[in-house]
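Numbering of ligands and ligand atoms starts at 1, following listing order. Quick caveat: nothing in here was measured; it's all calculated off a predicted structure. No hydrogens, no waters, no symmetry mates; every other heavy atom, side chains included, goes into these values.
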Amino acid sequence: MNPFPILDYIKPELFCDRNSETQELISAYKNGRNVTLTSIRRLGKTGLIKHLFFNIKKNKEDYRLLYIDILKTEKLQDFIQVFSRALLIEEKNNSNWLKKLSVLIAGIKAKVSIDNITGEPNFEIAYSKPEEAVQSLESIFEYLAKQKDKYLIAIDEFQQITTYPEKNTEAILRTNIQHQHKDNYIFSGSSKHILISMFNNYGRPFYQSSQMLNLERIDIDVYAEFIKKKFNDAGKQIEFSLVKEYISFLDVHTFYVQYFFNKLFTYSTKVVTKKHSTTVFKNILNENEFVYLNYRNILTSLQFRLLHAVAKENNIKSPNANSFLRKYNFSQSSVNKSLKTLIDKEMIYHEDGAYKVYDVFFSKWLERL
Ligand SMILES: Nc1ncnc2c1ncn2[C@@H]1O[C@H](COP(=O)(O)OP(=O)(O)OP(=O)(O)O)[C@@H](O)[C@H]1O
Ligand SMILES: [Mg+2]
């Protein structure tokens, strides 16, 4: 088995570090605090939540765990659908399942069927009036409140609720969550500025209702040691310095590091060298080239040129500086407009005072253009 998973959390042995963050999350739910977990994309928020849940289950702690990803939801009804679905699946393991199911279903006014193949509940909801959605949501929280068990509920991509047409979603959720004293929440997402503003702006419903936890990059030495050990455990030799060089080259951005070493690991050689690493890296860029080229069609030429310039400069601190504008032949207003669009499209992000291209591989490809 490849020890560098890139799709999902598998098990603690394949998960590097995050000990202090895991401890922080444990301390939070054990002491009745909610946590808002933020980081740039693909750094490991979801992995961390799954790691925490894995450990809670392994220790057979008395918590019922719900993981809800609301990335694809567009309105309150969708939120209710994914929330109740996760709850129904979790409750299937519980005693009195059928009775609980009927209470929940009646509350959310759903039509339910059981999937023939997976055995999991499928259900449809369609509310004709906005009040029905609000009542349904309340019924889910009433249901949770009536259970003896404590629930730990992780809502991933939480910033999504700010895009719902129901502008009162934040307030409705906050009111319901506030009344739950036994259950705890982890709100997680990559739109840091939206989440910070939701939880730290006086006047927003969730104001100071949760502890902020910003996930940083994994310590490079710890990560390099972890990766080297995985190679060694499989009977493959690789230099610590080579591993570290590539982690640093990939900006210690978890997904890209995992992806690179996943591919490097597949070499059947016993001694992994710089030459193998260079080849793997070239292959990755080649594999994705058609996607990168397609960005040219999707973006305006100015946006593409700006991406190119940001990658070439390897993180740009002052995109409005005359030297930058002159070198790449940009006007200040066009840079600002394109930068905003690229940030909105999540192709560029801003961190520690510098702009970077989000996708590390794409950035490296652009650098070489
Ligand atoms: N500590 C870790 N050790 C090993 N692999 C990890 C670790 N953290 C995350 N990963 C892996 O890195 C990839 C990206 O992580 P994850 O999906 O958790 O990031 P994310 O911050 O939730 O991203 P997004 O913002 O896009 O949802 C996943 O394949 C995950 O399995
Ligand atoms: Mg995630």
Can I56 and Y29 be said to form a side-chain contact (heavy atoms from CB on, under 4.5 Å), step by step?
-> CA-CA 11 Å; I56 296 175; Y29 75 77; 3.4 Å; yes
Go through F281 and L250 one step at a time and tell me if the side-chain contact (heavy atoms from CB on, under 4.5 Å) criterion holds.
-> CA-CA 10 Å; F281 186 68; L250 298 169; 4.1 Å; yes
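Figure legend: K230 and F265 shown without cation-pi pairing, the cationic atom not lying both under 6.0 angstrom from the six-membered ring centre and within 45 degrees of its axis. For the pair K150 and Y63, the cation sits on the ring face: its NZ or CZ lies under 6.0 Å from the ring centre, inside 45° of the axis.
Residue S188 does not count as close to the Mg ion (ligand 2), with no N, O or S atom under 2.8 Å.
With a heavy-atom cut-off of 4.0 Å, D8 touches ligand 1 through its backbone alone. Under 4.0 Å from ligand 1, heavy atoms of R41 appear from its side chain as well as its backbone. Residue L7 touches ligand 1 through its backbone alone, judged by heavy-atom distances below 4.0 Å.
Residues in residues 295-322 take part in these ring-ring contact (aromatic ring centres under 6.0 Å, His included) pairs, two or more places apart or across chains: Y295-F362.
Between the side chain of N201 and the backbone N or O of R204 there is no donor-acceptor pair closer than 3.5 Å. Remark: the backbone N or O of R64 is not paired with any side-chain donor or acceptor of D149 at under 3.5 angstrom. Listed for the D78 side chain is a donor-acceptor partner under 3.5 Å among the backbone atoms of K75.
Looking only at heavy atoms of the protein, atom 1 (N) of ligand 1 is closest to C16 O, 2.8 Å. Scanning the protein heavy atoms around atom 17 (O) of ligand 1, the nearest turns out to be T46 CB, 4.1 Å. Of all protein heavy atoms, the one lying nearest to atom 28 (C) of ligand 1 is I6 O, 4.0 Å. The nearest protein atom to atom 11 (C) of ligand 1, hydrogens excluded, is given as Q258 CG, 4.0 Å; this is a heavy-atom distance.
For ligand 1, the polar-atom distance check finds an N/O of G47 within less than 3.5 Å of one of the ligand's N/O atoms. Here's the thing with L48: none of its N/O atoms is less than 3.5 angstrom from an N/O atom of ligand 1. Note: an N/O pair closer than 3.5 Å links R42 and ligand 1 by distance alone.
Note on K45 versus D156: no salt bridge recorded, every NZ/NE/NH1/NH2 to OD/OE distance being 4.0 Å or above.
Applying the 4.0 Å criterion to heavy atoms of S190 picks out, from ligand 1, the atoms 25 (O). The distance from ligand 1 to the heavy atoms of T254 drops below 4.0 Å at these ligand atoms: 6 (C), 7 (C), 8 (N), 9 (C), 10 (N), 12 (O). Against a heavy-atom cut-off of under 4.0 Å, G44 is close to the following atoms of ligand 1: 8 (N), 9 (C), 15 (O), 16 (P), 18 (O), 19 (O), 20 (P), 21 (O). The atoms of ligand 1 that sit less than 4.0 Å from any heavy atom of K45 are 18 (O), 19 (O), 20 (P), 21 (O), 22 (O), 23 (O), 24 (P), 25 (O). For ligand 1, the atoms lying closer than 4.0 Å to a non-hydrogen atom of R18 are 1 (N).
Remark: distances from the non-hydrogen atoms of L14 to ligand 1 include one below 4.0 Å. Contact analysis puts E157 in contact with ligand 1, with a non-hydrogen atom separation below 4.0 angstrom. Using a 4.0 Å heavy-atom cutoff, I218 is listed among the residues neighbouring ligand 1.
Counting protein heavy atoms under 4.0 angstrom from atom 30 (C) of ligand 1 gives zero.
The residue from K192, R217, R41 that alone fulfils the salt bridge (Lys or Arg N to Asp or Glu O under 4.0 Å) condition with E351 is R217.
Counting only N and O atoms by type, the side chains of N294 and N297 include a donor and acceptor under 3.5 Å apart. Under the 3.5 Å distance criterion, with hydrogens and angles disregarded, no donor-acceptor pair is assigned to the side chains of E91 and Q147.
When the heavy atoms of F15, Y9, Y358, F261 are ranked by distance to atom 2 (C) of ligand 1, first place goes to F15.
No more than 12 heavy atoms of other residues, nucleotides or ligands lie within 6.0 Å of NZ in K72, so this atom counts as exposed by the packing criterion.
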